[in-house]
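Shown next, in structure tokens, is the structure this report addresses.
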2 protein chains.
Amino acid sequence: MSNTQEQDKLKTRRRGKELEAAILQAVRAELKEREYAAVTMEGIAERSGTSKAVLYRRWANRAEIVLAAIRERVPLPLEEVPDFGNVRDDVCGILRSMNLNNTQLLSKAIYGIISELGAMPLASVLFPEGRSSRSMSIVLQRAVERGEVSGEAVTPRLLTLPIDLARNEIILYNEPMSEETIAEIVDQVFLPLIQKR
Amino acid sequence: MSNTQEQDKLKTRRRGKELEAAILQAVRAELKEREYAAVTMEGIAERSGTSKAVLYRRWANRAEIVLAAIRERVPLPLEEVPDFGNVRDDVCGILRSMNLNNTQLLSKAIYGIISELGAMPLASVLFPEGRSSRSMSIVLQRAVERGEVSGEAVTPRLLTLPIDLARNEIILYNEPMSEETIAEIVDQVFLPLIQKR
DNA sequence: CAAATAAGAAACTTAAAGTATCTTATATGT
DNA sequence: ACATATAAGATACTTTAAGTTTCTTATTTG
């Protein structure tokens with residue numbers, strides 16, 4: 001019993017994808033325990049039972065390895081967007097999921113990563129494939145079908161509006177949004193702009 | 001002729017506020033020339049004609065000294081908010097000024113500073129004295145007097161809405177907003193929410 | 001003009017990034 | 001099953017910059 005991270009060591013020599021997965025998991029474990037600045041290549045190597053040389057064969061530097069570790073988890077599986085029966089609750093659901101996904105590992109490391117990778121904009125980390133929001137598209141499609149929203153009202157700007165405001169909150173305060181904040185964004189800003197009158 | 005930064009050196013020995021101002025100016029000069037990661041204490045000391053010991057007597061670490069250098073410039077002198085005669089242009093003016101002030105030194109260093117200072121939220125750097133926006137208050141006050149906007153429409157959330165969206169853009173893309181983006185924020189989002197119908 | 005204070009120079013310690021070299025386990029092709 | 005290629009893992013090394021320490025000397029202040 002009680003086996004925190006690794007196996008008994010000296011089992012076998014891991015390779016390829018198996019080894020890589022173990023390393024990235026070690027990165028996430030380190031990131032949970034300490035600040036980004038205190039996560040070292042030595043520490044990662046030790047925790048994953050390998051050596052720095054192995055890390056540098058796969059990633060160019062610390063920022064890259066941490067980014068890889070986060071990307072594995074962060075592009076949240078948007079598989080399905082739950083249908084609560086009305087736009088309001090659907091959008092609140094999306095914002096709550098941002099709360100979960102963005103504030104854990106990501107916000108802890110994101111500043112360091114961007115800083116060390118040079119002038120790489122935050123956008124390219126968060127949306128490797130552009131800004132559009134799949135989940136918002138789905139939710140608004142439904143709303144149009146229900147007759148809650150008129151199709152013409154949905155511009156690209158409005159499509160991402162709740163997510164933009166939520167991101168601003170999360171980054172600004174570095175903690176999950178409150179339910180009050182979510183309600184403000186949806187009820188005071190988003191709904192009045194898209195609902196049919 | 002041609003004297004980029006410093007004087008002839010070995011003039012006199014500066015002290016107190018005079019010395020401090022020269023150091024912070026050197027920090028800003030360094031920050032203009034290179035990335036945050038490449039700004040070193042040695043470099044700052046050399047450029048300002050002093051030594052590392054002097055820097056460490058005043059600031060605890062690199063992040064602190066850079067933050068001090070930026071703070072001197074960033075809390076933009078909101079002295080007066082120009083009156084263009086209508087809310088729309090007034091708000092566009094505020095967003096354009098964010099464009100100027102936020103994207104120069106700040107966005108270059110902000111990620112590194114936050115990362116190195118620990119879990120300090122961005123908010124506390126950007127708004128040492130709370131979130132409310134003085135300039136937006138002034139502009140909306142005028143709008144209410146003109147009869148463009150009804151006083152009850154102005155909630156705290158709506159008060160900072162254009163600024164929140166602008167900040168999101170600037171941070172996300174790490175560059176000034178385009179005029180199109182400013183127009184979208186104001187015309188598609190802000191005005192429809194506050195204008196009398 | 002004496003004493004206190006802080007500037008400036010220089011040498012030092014430490015931490016961690018990143019590199020290079022070598023040995024050896026494992027996979028793969030024949 | 002065996003030879004060969006490939007990559008893992010250990011270890012030692014170089015380099016860079018942060019942060020510290022010590023000492024000398026200019027300037028302020030009383």
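Chain naming here is simple, since letters A, B, ... match the order of the sequence lines and numbering starts at 1 in each. These numbers come from the heavy atoms of this one structure, side chains and all, not from hydrogens, waters or symmetry mates.
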How close do A:L24 and A:I65 get, counting heavy atoms only, and between which atoms?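 Nearest pair, atom of A:L24 first, then A:I65: CD2-O, 3.8 Å.
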What's the shortest heavy-atom distance between A:P82 and A:R142, and which atoms?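 Shortest heavy-atom contact: O-NH1, 3.4 Å.
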Atom [atom1] of [X] and atom [atom2] of [N]: how far apart are they, to the nearest Å?
X: A:W59; N: C:dG18; atom1: CH2; atom2: C1'; answer: 16 Å
X: B:L55; N: C:dA9; atom1: CG; atom2: P; answer: 12 Å
X: B:K17; N: D:dT27; atom1: NZ; atom2: P; answer: 21 Å
X: A:R34; N: C:dA16; atom1: CZ; atom2: P; answer: 10 Å
X: B:R14; N: D:dT28; atom1: CZ; atom2: P; answer: 13 Å

Quick one about A:T181 and A:E169 (side-chain donor to acceptor, distance below 3.5 Å, no hydrogens or angles considered), yes or no?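 Result is no, nothing qualifies.
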Side-chain donor-acceptor contact under 3.5 Å, A:Y36 with A:E116: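 Per modelled atom types, A:Y36 and A:E116 side chains form a pair under 3.5 Å.
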At what distance, to the nearest 0.5 angstrom, does OG of B:S51 lie from CD1 of B:I44?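 The distance works out to 12.5 Å.
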Partner of A:L140 under side-chain contact (heavy atoms from CB on, under 4.5 Å), chosen from A:L158, A:V154, A:V91: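 The side-chain contact (heavy atoms from CB on, under 4.5 Å) with A:L140 is passed solely by A:V154 among A:L158, A:V154, A:V91.
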May I ask you to verify whether the side chain of A:R57 and the base of D:dA8 hold a donor-acceptor pair under 3.5 Å?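 By the distance-only test, yes, there is a pair.
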Phosphate OP1/OP2 of C:dG8 contacted by B:T50 side-chain N/O (<4.0 Å):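 Affirmative; the distance criterion is met.
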Taking 4.0 angstrom as the limit, do B:D90 and B:R146 come out as a salt bridge?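 B:R146 and B:D90: salt-bridged.
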Regarding A:R47 and A:E33, does a basic nitrogen lie under 4.0 Å from an acidic carboxylate oxygen?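 Here A:R47 pairs with A:E33 in a salt bridge, since their nearest N and O are under 4.0 Å apart.
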Expected string for nucleotides 11-21 of chain D under the B/S/- scheme (protein heavy atoms, under 4.0 Å, primed atoms plus P, OP1, OP2 as sugar-phosphate) is ------SBBBB
Protein-nucleotides 27-29 of chain C N/O pairs under 3.5 Å:
none

